[in-house]
Amino acid sequence: MAGREERIAKFVEPLRVRPGSKVDLAKRFDPASTNGVASKQRGKEILARKNDLLAEYQSRLAAQDTYGVLVVLQALDAGGKDGTIKHVMSGVNPQGVSVHGFKVPSAEELDHDYLWRYARRLPRRGEIAIFNRSHYEEVLVVRVHQELLERQKLPKAARGKDVWKRRYREINDWERYLTDNGFRVVKLFLNLSKEEQRIRFLRRIDLPDHNWKFSRADVAERAHWDDYQRAFSEMLSNTSTDWAPWYVIPADRKWYARIAAGAAIVNALIDIDPRYPTVSDATRRELREVRAALEAQAPEGAAPDPFEAGERAGRDGAKTAVARS
Ligand code: AMP
Ligand code: MG
């Protein structure tokens, strides 16, 4: 076990943005990297095992009911957010996960402070929530298209030149508050190259089943590529913190992005190390009494306690948790 967990920590470490470091996306991060994973086949093997780990930790997270996990997914259009969510979450218990997408804010949302709509979708304790786009749009699309800031009905003092620095600080503070209170924030940026985006847009045009995904607006956004690269670089430089670091996931190869995103989430869960609750001595005594009563109700010929008799032990490995005596 320890080996697996250490391997995951090692695997994600190079993807983490060191808090306080100045990031220039174009220079430092290669969207086509696979971080030493040799092939898609090898990637699939790793992915299968990682999903087992994810399911196990999720189950413990839910049982412990103390911590929650917020997964923040950001990317440029065609970066693969939807596919990543689908693959990472296959195999987890849907009862413990929610996914929330954020689009152009509604009139009601614009009538509140800018973090309001994100705060309403935070996970409960024991849950994992995935944000498909997130509060980071408030320093990305809103920064690239400043007219969106105008629509936010801010008082004059809150939309001055220092607005982005201030938002970075407010977001960092908010995430620190969440972390201090048991909610871990895992931030994943799917880093796509401009050429791979071009190819994925063409694919959406060429394949009839993918036409629905094509949006003219996405192509218009592509014209702002450099502005977005700058906005992402600034965001990464200012909001990768000790309590909520960013992971830059190379996204040109979908199979790799899925493994890496999953690994970063599992790594956070390993760090939380949720445990199944144990029961008190008093509860254990109570369980013994109830067991005795249930055993007394066994029909003619039936084992009083088939679990302890080992009748099912071969099948599901059940062990009696509450000792006799
Ligand atoms: P999609 O994720 O493709 O469904 O698109 C959602 C759209 O909503 C994108 O064009 C985003 O840029 C836009 N969007 C998301 N958050 C915001 C925001 N806070 N302000 C303005 N536009 C946003
Ligand atoms: Mg879109």
Side-chain angles (χ1 to χ4, degrees), residues 25 70-89 98-122 129-154 158-159 163-164 166-172 174-175 185 187-192 194 196-205 207 209-236 238-239 246 249 251 254 257 261:
L25 257 190
L70 171 63
V71 178
V72 166
L73 259 187
Q74 287 292 158
L76 281 159
D77 293 309
K81 293 190 285 12
D82 296 325
T84 301
I85 292 171
K86 187 170 137 193
H87 277 78
V88 165
M89 298 327 272
S98 56
V99 180
H100 307 282
F102 296 96
K103 302 191 183 275
V104 178
S106 68
E108 189 194 20
E109 288 166 344
L110 288 172
D111 242 352
H112 291 267
D113 64 278
Y114 73 91
L115 289 178
W116 180 76
R117 65 174 184 157
Y118 310 100
R120 298 176 79 210
R121 299 285 178 253
L122 289 171
I130 303 179
F131 281 5
N132 183 349
R133 299 185 191 269
S134 70
H135 48 296
Y136 282 99
E137 291 297 342
E138 304 295 336
V139 293
L140 293 169
V141 68
V142 181
R143 181 165 190 174
V144 170
H145 298 282
Q146 300 227 4
E147 66 275 15
L148 294 175
L149 189 67
E150 295 306 314
R151 294 181 53 216
Q152 294 195 343
K153 305 206 229 172
L154 295 163
R159 48 186 155 88
V163 55
W164 310 116
R166 226 197 45 238
R167 285 192 170 191
Y168 296 141
R169 172 174 56 74
E170 288 160 352
I171 288 172
N172 288 342
W174 187 56
E175 291 177 355
V185 187
K187 304 188 296 201
L188 310 177
F189 167 54
L190 302 179
N191 187 26
L192 188 72
K194 194 170 186 186
E196 181 63 21
Q197 188 192 56
R198 188 180 73 91
I199 295 168
R200 289 188 189 174
F201 283 170
L202 282 170
R203 193 163 175 270
R204 290 177 179 185
I205 292 168
L207 300 180
D209 286 358
H210 287 65
N211 285 171
W212 66 273
K213 273 194 169 185
F214 180 79
S215 141
R216 257 189 179 284
D218 291 353
V219 177
E221 285 307 275
R222 180 175 162 83
H224 298 284
W225 182 271
D226 292 339
D227 295 335
Y228 273 107
Q229 293 292 301
R230 263 193 299 277
F232 274 113
S233 297
E234 283 261 312
M235 172 198 84
L236 293 166
N238 286 280
T239 61
W246 273 104
I249 312 273
K254 286 182 180 172

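Since we're looking at a predicted model, the values are computed, not measured. Start at 1 and go down the list; that is how both ligands and their atoms are numbered.
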Q) Hey, looking at atom 13 (C) of ligand 1, which of D218, D82, V104 has the closest heavy atom? A) V104
I'd like a table of donor-acceptor pairs (distance under 3.5 Å, sequence neighbours excluded) in which one partner is a side-chain atom from residues 79-88, with atom names and distances.
{"from": "D82", "atom 1": "OD1", "to": "N132", "atom 2": "ND2", "distance (Å)": "2.9"}
{"from": "T84", "atom 1": "OG1", "to": "G80", "atom 2": "O", "distance (Å)": "2.6"}
{"from": "H87", "atom 1": "ND1", "to": "G83", "atom 2": "O", "distance (Å)": "3.1"}

Is there any N or O on [X] that sits under 3.5 Å from an N or O of ligand 1?
X	answer
Q152	no
K103	yes
D77	no
R133	yes

**Q.** R203 atom CZ: more than 12 heavy-atom contacts under 6.0 Å
**A.** no
Does ligand 1 have an atom under 4.0 Å from some heavy atom of [X]?
X	answer
P105	yes
R117	yes
Y136	no

Q: For side chain to side chain contact (heavy atoms under 4.5 Å, CB included), just list the numbers for L70 and V72, CA-CA rounded to whole Å, side-chain angles, deciding distance to a tenth of an Å, and then say yes or no.
A: CA-CA 6 Å; L70 171 63; V72 166; 4.0 Å; yes
Q: Please name all residues satisfying salt bridge (Lys or Arg N to Asp or Glu O under 4.0 Å) with D226, sequence neighbours left out, ordered by chain then number.
A: none
Q | Aromatic F102 / basic R117 pairing, under 6.0 angstrom, 45° off normal | A | no
Q | From L115 atom CG to E175 atom CD, the distance as rounded to the nearest 0.5 Å | A | 9.0 Å
Q) Do E170 and H135 have side-chain atoms, one donor and one acceptor, less than 3.5 Å apart? A) no
Atoms of ligand 1, numbered as shown, that sit under 4.0 Å from any heavy atom of [X]:
X	answer
Y118	19 (N)
L148	21 (C)
V142	20 (N)

Q.
Going by side chain to side chain contact (heavy atoms under 4.5 Å, CB included), V142 matches just one of E137, E147, R167. Which one?
A. R167
**Q.** Side chain, backbone, both or neither: the part of E138 lying under 4.0 Å from ligand 1 by heavy atom
**A.** side chain
